[in-house]
Amino acid sequence: MNTSIKHTLLIVPGLGDPGKEHWQNYWLNKYENSRKVIQNDWDRPVLPDWLSKLNDVIAAIDGKIIIVAHSLAAVLVAHWSTTNNTQKIAGALLVAPADVDSRSHTPEETWNFSTIPLLELDYPSIVVTSSNDPYISVERAQFLAKQWGSAFVNIGPKGHLNSDSQLEYWTEGQGILQSLLTIIEAERPSN
């Protein structure tokens with residue numbers, strides 16, 4: 001069931017690492033040109049450590065990268081993008097960003113990722129949220145999308161879009177990824 005896309009699909013998991021039933025792991029099996037960022041400590045994330053690991057993985061990849069980040073990792077990507085050269089990044093799918101600025105929405109171990117950067121990303125991106133995500137309100141997700149210069153998609157009541165959501169290969173998400181690839185192609189300078 002391997003599918004090829006022209007860029008490396010970089011899977012960036014959030015807090016706790018997704019279980020085997022998480023759609024990100026299904027995508028790792030589906031897309032032949034995919035890699036996963038492995039953090040040293042999934043349960044006690046420290047922003048500088050996670051940034052360093054993400055940077056190391058990106059630096060080791062040849063060619064352009066499509067980032068597929070979930071939850072805390074969406075915030076991680078926003079932080080990384082403010083201080084690093086993003087030339088290798090063709091685009092990003094930022095799924096269910098965790099509102100680490102809100103003490104009522106996120107667990108304490110994620111609060112060191114606050115304050116969420118509100119600078120526009122210099123590559124195409126799409127923020128995807130669910131209308132009943134316990135870790136962020138729809139309004140806040142839409143606000144982050146606007147600040148980041150991202151397209152915004154609310155897919156309705158599907159929880160945190162994690163293993164509990166039972167999305168498996170998440171066909172709807174693959175369609176959103178395809179939309180991102182279309183945006184990237186449209187923005188690519190012609191030779």
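FYI, side chains are in, hydrogens and waters are out, and symmetry mates aren't considered; it's all heavy atoms of this structure.
Here the options are Leu177, Leu180, Leu94, Val95, the test is side-chain contact (heavy atoms from CB on, under 4.5 Å), and the partner is Ile126; only Leu180 passes. When each of His160, His105, His70 is paired with Tyr135, the ring pair (Phe, Tyr, Trp, His ring centres under 6.0 Å) condition holds for His160 and for no other. Under the side-chain hydrogen bond (donor to acceptor under 3.5 Å, both in side chains) rule, Asp17 has a single partner from Lys36, Gln39, Gln24, which is Lys36. Exactly one of Thr8, Ile38, Val12, Val37 qualifies for a side-chain contact (heavy atoms from CB on, under 4.5 Å) with Val57. That residue is Val37.
Within the structure, the ring pair (Phe, Tyr, Trp, His ring centres under 6.0 Å) test picks out no pair touching residues 138-158 (sequence neighbours left out). For the ring pair (Phe, Tyr, Trp, His ring centres under 6.0 Å) condition, no pair includes a residue of residues 75-98, sequence neighbours left out.
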For Asp99 and Ile116, what are the C-alpha separation, side-chain angles and deciding distance, and is it a side chain to side chain contact (heavy atoms under 4.5 Å, CB included)? CA-CA 8 Å; Asp99 189 2; Ile116 298 174; 3.9 Å; yes
For Leu72 and Val100: C-alpha separation, side-chain torsions, deciding distance, then whether side chain to side chain contact (heavy atoms under 4.5 Å, CB included) applies. CA-CA 8 Å; Leu72 185 62; Val100 296; 3.6 Å; yes
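Residues Trp170 and Lys30 form no side-chain contact, since every pair of their non-hydrogen atoms from C-beta on lies 4.5 Å or further apart. Within the 4.5 Å cutoff, the side chain of Leu144 has no heavy atoms near those of the Thr129 side chain. The closest side-chain heavy-atom distance from Gln87 to Tyr123 is not below 4.5 Å.
Interatomic distance, Leu28 CG to Leu9 CG, rounded to the nearest 0.5 Å: 8.0 Å. Of the inter-residue distances, the one linking Leu15 atom CG with Thr110 atom OG1 reads 7.0 Å to the nearest 0.5 angstrom.
The environment of Asp56 atom CG is dense: over 12 non-hydrogen atoms of other residues, nucleotides or ligands sit within 6.0 angstrom.
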Kindly list each side-chain donor-acceptor pair under 3.5 angstrom involving residues 43-52, sequence neighbours excluded, with atom names and distances?
from	atom 1	to	atom 2	distance (Å)
Arg44	NE	Asp41	OD2	3.4
Arg44	NH2	Asp41	OD2	3.3
Trp50	NE1	Asp41	O	3.3

